[in-house]
Amino acid sequence: MGKTYERIDGRLRTFIEEQPLFFTATAPLSGDGTVNLSPKGLKGSFAVLDERTVAYLDFAGSNAETIAHLRENGRITLMWCAFQGPPNIVRVHGRGEPVFRDDPRFTDLLATHFPDFDPSPHGLRAIIVVHAELVRDTCGYAVPFMTYDEDRDLHAKRFAREDDESLSAYFAKKEHIATSMDGLPGLPLPLRPI
């Protein structure tokens with residue numbers, strides 16, 4: 001049923017690149033810390049960088065748990081499910097890092113791997129880069145069929161109104177952006193210009 005892969009290529013790469021939705025899971029080192037599970041979408045905001053590395057764009061939101069957990073310990077799992085076609089679930093277990101706007105790699109990552117995606121209306125905070133340590137698939141026999149209609153436009157409508165200064169002010173007012181729910185360092189503020 002399940003299979004382990006040495007690299008993200010061929011049919012496996014095609015599968016994850018075609019999915020309109022994936023999930024991220026992270027947790028702090030503390031045994032009583034909050035486990036975080038987040039859905040991610042928006043076509044063009046995910047990329048396979050090479051056979052062992054993937055990345056996705058991290059946008060404005062109401063917290064920064066993934067960033068905080070990655071800054072503390074780097075552990076992350078990404079998961080894709082086949083909601084159409086043959087059943088399949090793919091997980092990439094690995095180490096991730098947030099590449100912030102002031103990182104010298106940020107501009108090149110954005111231009112090279114996300115050339116057709118306009119992040120400006122979404123309040124881009126960071127690029128999350130994940131280095132795969134274990135890549136596995138499982139059957140997905142119990143995952144239901146669901147159809148993808150289109151991306152929602154609400155995120156872009158909400159955050160297109162913000163410039164870097166107002167976005168930093170918005171984040172500063174939110175309880176769990178600069179600091180996680182467990183008190184870990186989250187998103188560095190103020191945001192650096194892109």
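Below, all heavy atoms of this structure are taken into account, side chains as well, without hydrogens, waters or symmetry copies. Values in this document were obtained by computation on a predicted structure and should not be read as measured data.
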Nearest heavy-atom neighbours spanning Arg192 and Asp102: CG-CB, 3.4 Å
Phe15 ring center near Tyr5 ring center (under 6.0 Å): no
Side chain to side chain, Val92 and Trp80, heavy atoms closer than 4.5 Å: yes
Close side-chain approach of Phe114 and Pro119, heavy atoms under 4.5 Å: no
Ser120 and Asp118: CA distance, side-chain angles, deciding distance, side-chain hydrogen bond (donor to acceptor under 3.5 Å, both in side chains) verdict: CA-CA 6 Å; Ser120 59; Asp118 178 10; 2.6 Å; yes
Main-chain N/O of Glu165 paired with Asp163 side-chain donor or acceptor, under 3.5 Å: yes
Salt bridge flag under 4.0 Å for residues Asp137 and Lys3: no
Shortest non-hydrogen contact between Ala82 and Val143, atoms and distance: O-CG1, 3.6 Å
Side-chain donor or acceptor of Ser38 paired with backbone N/O of Thr24 under 3.5 Å: no
Expected output: side-chain Arg52 to main-chain Glu6 donor-acceptor under 3.5 Å: yes
Any donor-acceptor pair under 3.5 Å from Arg95 side chain to Gly74 backbone: no
With Pro28, the side-chain contact (heavy atoms from CB on, under 4.5 Å) member among Met181, His69, Arg75: His69
For the student: nearest non-hydrogen atoms of Tyr56 and Ile76, plus distance: OH-CD1, 4.2 Å
pair Leu184-Arg71: side-chain heavy atoms closer than 4.5 Å: no
Main-chain N/O of Leu124 paired to Arg101 side chain as donor or acceptor, under 3.5 Å: yes
Cation-aromatic face contact Arg125/Phe171, 6.0 Å, 45 degrees: yes
Geometric class of the His122/His155 ring pair [parallel <30°, tilted 30-60°, perpendicular >60°]: parallel
